[in-house]
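What you are looking at is a predicted structure, and each value in this text was computed from that prediction instead of being measured. Any value given below was found using the heavy atoms of this structure, including those in side chains, with hydrogens, waters and symmetry copies removed. For the single chain, residues carry numbers from 1 onward in sequence order.
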Amino acid sequence: MSTRRPQSRRSTVFGIAAAGAALALFTSACGSLTTSGSDEEVETHSLEEGFHVGLLLPELQTARYEAFDRPYFEEALENLCPNCELSYANADQDVDEQQTQAQAMLTDGVDVLVLGAVDSEAAAGTVNEASSQGVPVVAYDRLAQGGVDMYVSFDNFRVGQVQAEALLAALEQEGTAGDGQIVMINGSPTDPNAGDFKAGAHEIFEGQVEIGQEFDTPDWSPDEANSQMEGAITSLGLDEIIGVYSANDGMAAGIISALRSAGVPADELPPVTGQDAELHGIQRIVSGEQYMTVYKAIRPEAQVAAAMAVSLATGEDFEAGEHTLTEVEDADGEPVSAVLLDPVAVTEENIGDTVVSDGFYTIEEICTEDYADFEFCQEAL
């Protein structure tokens, strides 16, 4: 599979050496079709000749995109279409930069775009431009506006429910559920997933626990989460805070730092949630600083995205395999074919059965010198 670098200061491309045969999910196609999100007739391509795929990812704050999403997608595309060409760019949370990157790829002649939008609403311009050129768009992880052709993500409402259920379970276990208030520190208001996480969590929290302070966090910034937590501590008082809903692991780090700076010992921290199963998040769970994270198996998400891109480019029916093909509504109320994967709560008790057994991390990566003396590592090593 060949690669090409789009003209952008933050764009990077790395190629995977062609090896092995394409998976037998698709056959070569010819002719043309019109997809649900495209204004112009979409030219179809063959696997034998290959075609040009553009992958646009949103940011670098969250470790997952460069460490997992990008290489997993490249690997999956290589398996499905060894002769395909891939262009890749990461916008580093910059809306204008992502639009520039997308325009460069369209000018360069990509045949299908896989778009992890920085801002769902702002991405409508990119989607519409691609549609006008007959280039189908797969929305990746975040449902961009503008009429995308297919969408793969996780059940984001369920993610919020899983986080909230875990936090309530921790409070019940500690016997503090009715003794104070929680703080909610949600994700970026420009990320549509963050709204789903928040809504799912609120459904579980309603009538079960009092929310003392709640914030939305621009750009999922750990520094901003740290400042928000400091403000909550000042407003509510340390003794009143019995738990913290953090929408992801990066912000959990900032939250825990604020609690520690306020004088809370590591072994007396209130339970703090997270998401993305980042390595440092898993290590904080091992050390007892963070209660849980949400593991979203990124490899199948990337594999589904690659399969969707190939099906759109070749004109072949998409085969969901072990996953369920469903429909979601976009911002305009239009149906979009989608695969929504299941999130999993990870606490100390099931680290081995989730991120380790799936090969996401090894025990050695988790149990470095700073964590080797904690119970999990003592038992695992």
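- Donor-acceptor pairing under 3.5 Å is lacking for the side chains of Q103 and Q99.
- Side-chain contact, E49 with N83: no donor N or O sits under 3.5 Å from an acceptor N or O.
- Contacts classified as ring-ring contact (aromatic ring centres under 6.0 Å, His included) and involving residues 171-221 (residues at least two apart or in different chains) are not found.
- Under the side-chain contact (heavy atoms from CB on, under 4.5 Å) rule, I351 has a single partner from T347, D353, V355, which is V355.
- Residues E165 and R158 have side chains in contact (heavy-atom distance under 4.5 Å, counting atoms from C-beta outward).
- Counting heavy atoms from C-beta outward, I282 and Y361 have side chains that approach closer than 4.5 Å.
- When only modelled atom types and interatomic distance are considered, D330 and Q145 share no side-chain donor-acceptor pair under 3.5 Å.
- Between the side chains of T190 and S188, at least one donor-acceptor pair of N or O atoms lies under 3.5 Å.
- Residue pairs that meet the disulfide (SG to SG under 2.5 Å) test with at least one member in residues 261-295, sequence neighbours left out, do not exist here.
- Q290 and D249 share a side-chain donor-acceptor pair at under 3.5 Å.
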Would you tabulate the side-chain donor-acceptor contacts of residues 368-381 under 3.5 Å, counting partners in other chains and residues two or more places apart, or write 'none'?
unit_1: Q378; atom_1: NE2; unit_2: A372; atom_2: O; d: 2.8

Quick one: do Y291 and L269 satisfy side chain to side chain contact (heavy atoms under 4.5 Å, CB included)? Show the steps, please. CA-CA 9 Å; Y291 177 66; L269 287 164; over 6 Å; no
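- Put simply, the side chain of E203 never gets that close to the backbone of Q161: no donor and acceptor are under 3.5 Å apart.
- A heavy-atom distance below 4.5 Å is found between the side chains of V339 and L341.
- With 3.5 Å as the limit, one finds a donor-acceptor pair spanning the side chains of Q163 and Y245.
- Remark: the N350 side chain and the Y295 side chain contain no N/O donor-acceptor pair separated by less than 3.5 Å.
- For D111 (side chain) and V135 (main-chain N/O), no donor-acceptor pair under 3.5 Å exists by modelled atom type.
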Can E59 and R142 be said to form a salt bridge (Lys or Arg N to Asp or Glu O under 4.0 Å), step by step? CA-CA 12 Å; E59 45 107 341; R142 304 173 179 182; 3.6 Å; yes
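- In this structure, D94 contributes its side chain and D96 its backbone to a donor-acceptor pair below 3.5 Å.
- Inter-residue side-chain proximity for L115 and V148 is flagged as unmet; no heavy-atom pair is nearer than 4.5 Å.
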